[in-house]
Amino acid sequence: MEDILQGLNEEQKQAVTYFSSPLLVLAGAGSGKTRVITHKIMFLVNNLGIPSNRILAITFTNKAAQEMKERVQQALGIEEEPQWISTFHSLSAKILRIEAEHLGYNRDFIIYDEEDSKKVIKDVIKELELSEDIYKLERVKNIISQIKQYLDDSILDFYAMTMPHLPKILEKYEEHLVLSNAMDFDDLLLNVVKLFRENPDVLEKWQNKFDYILVDEYQDTNKIQHEILKLLVGDRDCITVVGDPQQCIYTWRGANPENILDFENDFPNTKIIKLERNYRSTETILDTANKIISGAKGRWKEKVLKLWTDKGKGEKPVLVALDTEKQEANFIAKQIKKLLEEGYRYSDFAILIRMSYLSRNLEEYLMKYSIPYQIVGGLKFFERAEVKDILAYLRFAFQPKDTQAFKRIINLPSRGIGEKTIQKIASFKETDWLQAVKDAYESMSPKIKIRLQEFIEIIETVRRYGNEKPSEMAKYVFDAIKYEEYLASKYPKDWEDRLANINELFNALKEIERSGKTFLEFLEETSLAQAQDTIEESNSVKVMTVHASKGLEFPVVFIAGVEDGIFPSGRSFEDMEQMEEERRLFYVAVTRAKEKLFLTMAKLRSSYSGHYNETKPSRFLKDIKENLKLLTTKKKQTVSSKTSKTASTILKTPLSSQTSNSFFTGQLVKHDVFGKGVIKQITGNKAKVIFENVGEKTILLDFLKKA
DNA sequence: CTTACCCAGCTTTTT
DNA sequence: GCTGGGTAAG
């Protein structure tokens, strides 16, 4: 017993050993959240005699799950990894693979990623002949996702007022998914709730499977995840959740800092324990973080945690204002080089950004200084077109109902099969697309017959051997469709890089053959892979979005682009709630740092067109200016000649010099293409303009001139 | 049906 | 600077 509790502080011990009622642990950044969960699992097993496979633990990333599994396994000295440590999405997929039939699905269902779902919605909008201006793809997709996440039909009613055909779209969308034996990300969760609600016996079975449930990063769970927990717990007490409302950064995915407070309502007699002692950062960094969050608003504020540490003062965070983004990147790279001499390693550094496109500029300079780096996240490996192409062949062979896979490959590379032929095939479709192709075969022209024959042969071959030897089959497809030629002609610039990706795919497939996993498991893993899962152990600087940095810590952190419009994002300007989220994001970013923290900004930043725009320092800097040390770099390249002054000087100046591109509502403007117009509304870097000839358009400010 | 070319629009965050 | 869509020619 001493063993497990050793090294924990009083509150942590309490959290680990409390079982009398549902437990909510409010745990600040760096306060040992994950540690509490891991130790509680060990306590359950060692001291209460509960088998590890009867404990369900939910983490936010697969990486965290894997680490927790390993730690628990090692600490308990057990043969097998604990089975039920995973993310909500992986858990749901696992449950649904077993219970799919109850929902009219087949166990071999495919998980549609963002791109697949979007294409389905696009097809549906076309099919229903709706205006793409009113039913904007991105918006419709978001609404559908919201409806599924909030478990609330009134959302549909609400949007249906302006989009009367929305219910029809939703219905058709669902139909398409079921016909493809596919689920989207939201379905994974939603279908579990449906399953449990409609099948009490199934629910009971799963309730009986778990004696205790623990959830990490609870502040970022949404309604539907909460519902899954409620169902699994039933009327028992067996749940501990750990979270921090200050770190809720996924409201756009249905999470809300208030949700964590509702836990008390849904689980009666909830006990609350606060962990406010921070083991990660220096006092100055924590003080800065506390200042940021003390400006927050909202009901959860009463639950605000005040972090403290006995680590000592430490150095003040440094604010550096560079002239341009190039110099910003240059500064960061140089600073890293400098700190390396003080004994830091590359892997001690993280560069955090609010928007992923900011990484390009950084990359350039990291390369220039020969600093090994890894961009975490961004376009993920399995989302790359070439990887998806090859996988689509395997996917389709495996699941010939998969409409999106079929549409992707039937004319890839060009087989002379276009819209018309696909329509024809569709008219023959009864169950799956492969059968439809075979049935439609006779009615095709001789030329197309040959091409279809080739296609069928490829698919049939993959069907025969795909399950055992996916890597060989991938190679076979690659050769059979002459994919290398296709790549070379389609992407003359970077086809070699893409080819390298294909090779990596072959390796990944070989790896699963070795590990004894099935192709389906492989597909599931790849579609649920997260940014953090790709983090390499290598000694390299990590560049990532603030979102991707959740739960991680680094000795030295740079936060780049601390400018209004970037951090906070320009989109949050008109929406209080979103601005609040930006604040929490900033809080998360700052609390990643253990020892040193640099905030950098560029006075001029180029937009995609290459034009430089003046920037304003982030509004969040005002709250923390006394905490910051200001570093200015002299004109010439002598980086060493820096002068220190107070941060407030820089915060005062730029506002007044903002004349060059300041627009206002009602202003007469000119656009190269659209001609003269009047600004109706300005949001962020865009303006709604009514043009005399072409009507209303939303235009980026960069493209407008004063008339 | 395909290809080649032009143009508009654009960058949150992601399971 | 990139991409997806639209269009005209083959």
Side-chain angles (χ1 to χ4, degrees), chain A residues 60-62 86-93 111-115 117-118 122 132 137-138 141-142 145 148-149 183-189 217 220-222 224-225 248-255 352-361 377-380 383 385 411 413-422 445 447-448 451 489-491 493-494 524 526-533 544-550 561 565-573 575 578 581-582 584-585 588-589 605-611 671-674 684-686 694 697-703:
Chain A
F60 197 74
T61 67
N62 297 304
S86 76
T87 65
F88 268 110
H89 283 87
S90 304
L91 168 73
S92 302
I111 299 169
Y112 270 8
D113 68 10
E114 202 83 332
E115 194 192 346
S117 315
K118 257 198 218 167
K122 203 172 171 188
E132 287 178 42
L137 181 55
E138 200 64 31
K141 196 206 75 197
N142 283 333
S145 182
K148 292 185 175 189
Q149 278 172 5
M183 296 190 197
D184 66 17
F185 289 134
D186 297 317
D187 286 335
L188 288 176
L189 306 173
E217 305 279 7
D220 280 313
T221 55
N222 57 26
I224 191 151
Q225 292 165 331
C248 173
I249 55 175
Y250 282 93
T251 50
W252 42 277
R253 241 164 58 184
L352 304 185
I353 47 185
R354 176 65 183 85
M355 324 245 183
S356 42
Y357 74 90
L358 295 174
S359 68
R360 279 187 226 154
N361 181 43
L379 185 55
K380 280 175 256 152
E383 284 168 2
N411 199 33
S414 302
R415 292 191 176 87
I417 293 164
E419 196 75 29
K420 285 250 168 72
T421 317
I422 294 179
S445 70
K447 211 172 95 192
I448 300 216
R451 314 307 300 272
S489 70
K490 186 162 183 202
Y491 306 101
K493 272 192 211 142
D494 63 346
E524 185 176 306
T526 59
S527 40
L528 296 181
Q530 288 157 293
Q532 274 194 22
D533 302 335
M544 65 184 98
T545 63
V546 180
H547 283 89
S549 76
K550 186 185 170 82
I566 290 186
F567 206 168
S569 146
R571 294 225 185 173
S572 64
F573 287 172
D575 186 334
Q578 277 194 53
E581 173 135 323
E582 296 290 320
R584 294 193 296 271
L585 261 172
V588 168
R605 188 173 295 277
S606 67
S607 54
Y608 51 89
S609 55
H611 285 117
H671 184 269
D672 286 347
V673 180
F674 303 132
N685 59 345
K686 279 178 270 185
V694 291
K697 300 250 178 223
T698 302
I699 307 281
L700 279 162
L701 291 177
D702 293 354
F703 289 88

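Reminder, nothing fancy here: chain letters follow the sequence lines and each chain counts from 1.
- Heavy atoms of A:E114 sit under 4.0 angstrom from at least one base atom.
- Look at A:S572 and you won't find any side-chain N or O under 4.0 angstrom from OP1 or OP2 of B:dT12.
- Nucleic acid contact class of A:T421 (heavy atoms, under 4.0 Å, all strands): sugar-phosphate only.
- Rounded to whole angstrom, the span from the CZ atom of A:R253 across to the P atom of B:dT13 amounts to 13 Å.
- Note on A:K118 versus A:E115: no salt bridge recorded, every NZ/NE/NH1/NH2 to OD/OE distance being 4.0 Å or above.
- With sequence neighbours left out, A:S572 forms a side-chain contact (heavy atoms from CB on, under 4.5 Å) with A:P568, A:Q578, A:M579, A:E582.
- Where stacking is scored as ring centres under 5.5 Å apart with planes under 30°, A:W252 registers as stacked on the base of B:dT13.
- Between the CG atom in A:L91 and the CD atom in A:Q225 there is a gap of 10.5 Å [rounded to 0.5 Å].
- The nucleotide whose nearest atom lies closest to any side-chain atom of A:R571 is, among B:dT14, B:dT12, B:dT11, B:dT12.
- Contact annotation for A:Q578: base contact, defined as any heavy-atom pair under 4.0 Å involving a base atom.
- Whole-Å rounding puts the A:M544 CE to B:dT12 P distance at 21 Å.
- Atom CZ of A:R584 is separated from atom C1' of B:dT13 by 13 Å (rounded to the nearest Å).
- Protein atom CG of A:L137 is 15 Å distant from nucleotide atom C1' of B:dG9, rounded to whole Å.
- Nucleotide B:dT15 holds its C1' atom 14 Å from the NZ atom of A:K118, rounded to whole Å.
- Classified by interplanar angle (parallel below 30°, tilted 30° to 60°, perpendicular above 60°), the ring pair A:F60/A:Y250 is tilted.
- For A:N361 and C:dG1, the CG to P distance is 13 Å, given to the nearest whole Å.
- Look at A:S356 and you'll find a side-chain N or O under 4.0 angstrom from OP1 or OP2 of B:dT13.
- Projected onto DNA chain B by closest heavy-atom contact, A:T87 and A:L358 fall at different nucleotides, the more 5' of which corresponds to A:L358.
- Within 4.0 Å (heavy atoms only), A:D113 reaches no atom of the nucleic acid at all.
- Between the P atom of C:dG6 and the NZ atom of A:K122 lies a distance of 7 Å, rounded to the nearest Å.
- One can place NZ of A:K141 at 9 Å from C1' of B:dT14, the figure rounded to the nearest angstrom.
- Close to B:dT15, at under 4.0 Å from its OP1 or OP2, lies no side-chain N or O of A:N62.
- Counting any heavy atom pair closer than 4.0 Å across all strands shown, A:L585 reaches no nucleic acid atom.
- Remark: the A:Q530 side chain and the A:T61 side chain contain no N/O donor-acceptor pair separated by less than 3.5 Å.
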